[in-house]
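These notes concern the structure reproduced below.
Letters A, B, ... are given to chains in the order of the sequence lines, protein chains preceding strands, and every chain is numbered from 1.
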There are 2 protein chains.
Amino acid sequence: MDDVARRAGVSRALVSLALRGSDKVSPASRAAVERAASELGYRPNLNARNLASKRTSTFGVLINDLHNPYFPAVVDGIKRAADEAGYRLVINSAFLDEDAEVAAIDAFVEFRVDGVILVGARCGAAAIERAAQAVPIVLVSRPLASDVVDTINNDDHLGAQLVVEHLVSLGHEHVCHVEGVTGAGGPERRAGYVETMERHGLEPHIQPGAFTEASGVDAAERALDDGRPVTAVFAGNDLSALGVLDVLDGRGLAVPGDVSLVGYDNTFVAALRHIALTTVDQNRQRLGALAVEALLERVEGGRTTARHEVIPPELVVRETTGPPRSLG
Amino acid sequence: MDDVARRAGVSRALVSLALRGSDKVSPASRAAVERAASELGYRPNLNARNLASKRTSTFGVLINDLHNPYFPAVVDGIKRAADEAGYRLVINSAFLDEDAEVAAIDAFVEFRVDGVILVGARCGAAAIERAAQAVPIVLVSRPLASDVVDTINNDDHLGAQLVVEHLVSLGHEHVCHVEGVTGAGGPERRAGYVETMERHGLEPHIQPGAFTEASGVDAAERALDDGRPVTAVFAGNDLSALGVLDVLDGRGLAVPGDVSLVGYDNTFVAALRHIALTTVDQNRQRLGALAVEALLERVEGGRTTARHEVIPPELVVRETTGPPRSLG
DNA sequence: CTCCGTTGTTGAAGCGCTCCAATCATTGTG
DNA sequence: CACAATGATTGGAGCGCTTCAACAACGGAG
């Protein structure tokens, strides 16, 4: 930086101002500085800048599992909103390891990011609230009743309701739900399912599961061997729906001819033409954008109370749902 | 840090040493420092540390497109190797935008990361080589004949050869290849296909395409309407294979009964039981691990010449390949 | 009892930037 | 023509850490 200043014939302070586009720099010196900088191949040192200015203009984004096709769209939304607000992003993934998650959050704190977005974090609430004392934190896709961190979630209860309404309107009465016990939103989806079924005077039929393809396979086999009639399956997420689909195929049951199938999340797999799964879209881009908005409110707006946002999801009807055979 | 020093009754310098686990600190003062630090909730400032020590112990990882299911496994391998070597990771994604890619690389340089790993980067070679003057760079999944950056790739030529050998050994003579023109590795796969076909005295049949599902659909339709017989399709990657699969399904052609199908990459989609696509595994974890290794050789080993690694892929036979109907 | 090698500890000098108060140059006003 | 107001520029302090030469304390060898 000294070199740049000397070469441009100005002081270091002016170089700093010019390079950051301050408006109190004469066009002449700005040009001189820019020429000198590019001739010297000068790159400002972010560490020094962050240290001196006591802010990083950076948000940390922690993704619980990079492998999960659910996340990219959320990060997409975050990225777009952050770009617009002039913030940089630092992404990290914990690959499902809780300790790694906490370590990653700590790293964000040590780096002094201006805010942290946790997407689908699995780690304990205590660790999160502790970190929240040092930096604003917003949780996406993980409900948490806290008054120190913000949360942004889709309305899982409503999403499940949409699914059941759709199936019922097609004429289904025997809708089985493959729940996602541990996963985020699982309990809410289940509750929405049960409530809506009962409102229509139908008997809930729940098979335990997780948010994986394998659990979908198990649940489907149990459901079909159970004895109770099943004309439609509402899987807890797209991945488990694929497991169900496999079993249906394997048993020669046509979809949606014999059994209708619905997933949740609208991941790109559901959109593959060869699968064309009816599912629920959470509007993940919006989820990400709202997370950034919440952070900005705290960082630049000075908000200190927690904000808990719940946005409505949308049913995406594709080719795995239709009227039950008896009506067909 | 001053507070910690005072509370522990030692100097700031000693706090620094103790917190980084130096071995020339007495157990007594180490304990005192650690207690003081945790009581005060002290978090070292990474920016200050990086500035003072002139190294960050961090590698920057740039993923060309977060949405592509190809990448997570590579990052997984990188993460594991970096952890082991005591390096932190900073991940970023450009979402297919070349300018964003260059900007992200610049950001890595400004942050003074110790090394950069570009996974599937699309941006111009010039930009990469320029950045390479400031920081060691290794390219994964993007061949580039350069003597300033390292590259780590799978042997696409060999992979294609494995595919053709597999199909030929099943009895296929009419193997169509849906190429991936622009994508990384596309040309090499094509060349491997052509060469192996010709070695077996078979006539190559190539349909242009890209590495997307939609292009697979188009290519498959063209191939089937073309007039030439087709008993097997070798798609450039898994995604385009899914497009092909959809067309085959739509036309009532059984897979592999009427037509065999092979992809490339072994993404998790290929492994879905409902799809069970025969494909080629690049050993992406290894790719990532080798990238870290290459970086370490430069950073800690002082290597300055370029290293170009090509690792052999493996055929993964699932359920979309079988003997052609005429032999069945 | 002195001298020296260890081991543990410290003060101070940076690292490369930002930011503030102070300075200088210029223009407009009565 | 002096004086204030405005705009452009600068020197220097300071951000929170690491590093290194220098120093204190201490036991063992001569």
**Q.** Any pair counted as ring-ring contact (aromatic ring centres under 6.0 Å, His included), so long as it reaches residues 107-139 of chain B, sequence neighbours left out
**A.** A:Phe111-B:Phe111
Q | Inter- and intrachain pairs under ring-ring contact (aromatic ring centres under 6.0 Å, His included), touching residues 292-312 of chain B, at least two apart | A | none
**Q.** Nucleotide range of DNA chain C lying under 4.0 Å from chain A heavy atoms
**A.** C:dG16 to C:dC19
Q | Partner set under salt bridge (charged side-chain N to carboxylate O under 4.0 Å, His left out) for A:Asp265, not counting sequence neighbours | A | A:Arg189
Q: Kindly state each residue pair satisfying salt bridge (charged side-chain N to carboxylate O under 4.0 Å, His left out) with at least one member in residues 133-142 of chain A, sequence neighbours excluded.
A: none
Q: Determine which pairs satisfy salt bridge (charged side-chain N to carboxylate O under 4.0 Å, His left out) with at least one residue from residues 59-76 of chain A, sequence neighbours left out, and list them in order.
A: A:Asp76-A:Arg80
Q) Partners of A:Phe268 by ring-ring contact (aromatic ring centres under 6.0 Å, His included), sequence neighbours excluded? A) none
Q) Got a sec, which residues hit ring-ring contact (aromatic ring centres under 6.0 Å, His included) with B:Tyr42, two or more places apart in sequence or on another chain? A) none
**Q.** Sorted by number, the residues of residues 35-49 of chain B with heavy-atom contact under 4.0 Å to DNA chain C
**A.** none
Q: Scan residues 16-25 of chain A against DNA chain C and write down, sorted by residue number, each residue with any heavy atom closer than 4.0 Å; if none is found, say none.
A: A:Ser16, A:Arg20
Q. Between the two ends of the helix from C:dC1-D:dG30 to C:dG30-D:dC1, what is the bend in degrees, rounded to 10 degrees, where each end axis spans five pairs?
A. 60°
Restricting both atoms to N or O, compile the protein contacts to nucleotides 23-27 of chain D shorter than 3.5 Å, with distance only.
none

Q: May I ask you to evaluate whether A:Ser11 reaches the phosphate of D:dT10, defined as a side-chain N or O under 4.0 Å from OP1 or OP2?
A: yes
Q.
With side chain to side chain contact (heavy atoms under 4.5 Å, CB included) as the test, pick out the partner of A:Leu118 among A:Ile105, A:Val138, A:Val140.
A. A:Ile105
(Q) Could you measure the distance from the CD atom of B:Glu98 to the CG atom of B:Asn64? Nearest 0.5 Å is fine. (A) 9.5 Å
Q) Just by distance, with hydrogens left out, do B:Ser16 and B:Arg12 show a side-chain donor and acceptor under 3.5 Å apart? A) no
Q: On DNA chain C, check which nucleotide each of B:Leu14 and B:Ala52 is closest to and give me the residue with the more 5' one.
A: B:Leu14
